[in-house]
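Here the structure comes first, spelled out in structure tokens, and everything after it is commentary.
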Amino acid sequence: MLKIRHDDFNLALTMDSGQVFGFSKDSEGVYEGMVGGVFVRLSQKEGNIQAAAKTPAFRAQHLRDYFDLDRDLNGLYRIFKADSILVPALKLKGLRLIRQDSWEALACFIISSNNNVKRIQGIWQNLCRHFKGFPSASQVSASHERVLRELGLGYRAPFLHATARFVANNPVCLGHIRQLPYPEAIEKIICFPGIGPKVADCALLYGFQKYEAFPVDVWILRVMRKLYFKNRKVSEKKIQVFGQKRWGLQAGYVQQYLFHSARTNIL
DNA sequence: CTCCAGGCGCCTT
DNA sequence: AAGGCGCATGGA
């Protein structure tokens, strides 16, 4: 049993904020899922985080990396305090961006398009059951579009399959994207099938740790129109540029707080 | 029954 | 560049 202390982390907020789709949660608030390829049970009481892993090789630093625990969030909180519109977001203090695997994030957010969190979680489970764990790009590539449809992907099946084939045939491409600055990374990743501007931002934020990404989905679109544009009809693109210019390297974190705020109706 | 969900690709203006 | 439409699926 691994135990670490942290006074500015909220496991439940982080897990329930729609970033990851592969964890189950029991009635006691214990989360089960894979962290860095290791099956882990996670719980938190106050500032104490507990992790029960299958292998003793799982260390505290793996947890710190995964949950971005070594980041100082006071700069983010300063943004919220300085903008009267965003003060309510401080109620989500301790929510952190999970540093996900690139391929998993890419695949998940292809599945996420025009979909809802509950169904995305269901599709994740179906994939894990069928492939004995979340499938690599090679596994998806070696599978068939029809199989993906049977697992519930619907019209996204050919998109995921084509992207998986590309990644499997170009094993270094994700590592290459990781090394690129955000603007160039967007240009590259948006060329994959099924990846438009929104999914690209999600993948780059959650899977490539590009913290200046500002994904604009229907929730962000609504809440941003309400908070900053007097409910006028402003396009996704305008909102995306607005968020990026306004919050810079904190845009990704601000977006996550706005997203969860909107979904839980606290703004 | 219709409407909606962490949108995208393709087609018109 | 900007806007409209169809698309699989399942829950509300």
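Lettering follows sequence order; numbering is per chain, from 1.
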### Summary
Grouping ILVMFWY residues whenever side-chain heavy atoms fall under 4.5 Å, the cluster of Val172(A) otherwise contains none
#### Entry: Contacts of type salt bridge (charged side-chain N to carboxylate O under 4.0 Å, His left out), residue Asp8(A), not counting sequence neighbours
Lys93(A), Arg96(A)
### Query
NA contact type, Ile195(A), heavy-atom cut-off 4.0 Å: base, sugar-phosphate, or nothing?
sugar-phosphate
### Those residues that, when tested against Gln19(A), pass side chain to side chain donor-acceptor pair (under 3.5 Å) (two or more places apart)
Ser17(A)
### Sequence-distant partners of Arg149(A), salt bridge (charged side-chain N to carboxylate O under 4.0 Å, His left out), two or more places apart
Glu145(A)
### Message
Checking one residue: Phe67(A). Which other hydrophobic residues are in its cluster under the side-chain 4.5 Å linking rule?
### Response
Leu2(A), Ile4(A), Phe9(A), Leu11(A), Met15(A), Val20(A), Phe23(A), Tyr31(A), Val35(A), Val38(A), Val40(A), Leu42(A), Ile49(A), Phe58(A), Leu63(A), Tyr66(A), Leu69(A), Ile98(A)
### Query
Using Watson-Crick pairs (N1 to N3, plus N6-O4 or O6-N4) and G-U wobble pairs, both distances under 3.5 Å, which stems of at least 3 pairs involve DNA chain B?
B:2-5 with C:9-12, B:7-13 with C:1-7
### Task
Under 4.0 Å from any heavy atom of chain A: name the first and the last nucleotide of DNA chain C that qualifies, 5' to 3'.
dC7(C) to dG10(C)
### Task
Go through the N and O atoms of the side chain of Tyr155(A) and the base of dG9(B), and report whether any donor-acceptor pair is under 3.5 Å.
no
### Message
For a quick check of understanding: with a heavy-atom distance under 4.0 Å over all strands, which category does Gln256(A) fall into, base, sugar-phosphate or nothing?
### Response
base
### For Arg78(A), salt bridge (charged side-chain N to carboxylate O under 4.0 Å, His left out) partners two or more places apart
none
### Message
Within residues 98-112 of chain A, which residues have any heavy atom lying less than 4.0 Å from an atom of DNA chain C?
### Response
none
### Message
By the 4.0 Å heavy-atom rule, please label Phe259(A) as base, sugar-phosphate, or nothing.
### Response
base
### Query
Which is true for Gly194(A) with a 4.0 Å heavy-atom rule: it touches a base, it touches only sugar-phosphate, or it touches nothing?
sugar-phosphate
### Query
Per the side-chain hydrogen bond (donor to acceptor under 3.5 Å, both in side chains) rule, which among Gln244(A), Lys210(A), Glu187(A) passes with Tyr182(A)?
Gln244(A)
### Query
Got a sec, which residues hit salt bridge (charged side-chain N to carboxylate O under 4.0 Å, His left out) with Arg71(A), two or more places apart in sequence or on another chain?
Asp68(A)
### Summary
Apart from Leu180(A) itself, members of its ILVMFWY cluster (side-chain separation under 4.5 Å) are none
### Message
Could you check whether Asn231(A) and Arg225(A), counting side-chain N and O atoms only, form a donor-acceptor pair closer than 3.5 Å?
### Response
no
### Task
On DNA chain C, check which nucleotide each of Asn114(A) and Lys118(A) is closest to and give me the residue with the more 5' one.
Asn114(A)
### Task
Describe the nucleic acid contact of Val216(A) in one word from base, sugar-phosphate, nothing, applying a heavy-atom distance below 4.0 Å.
nothing
### Query
What residues, two or more places apart in sequence or in another chain, satisfy side chain to side chain contact (heavy atoms under 4.5 Å, CB included) together with Val30(A)?
Asp26(A), Glu28(A), Arg41(A), Ser43(A)
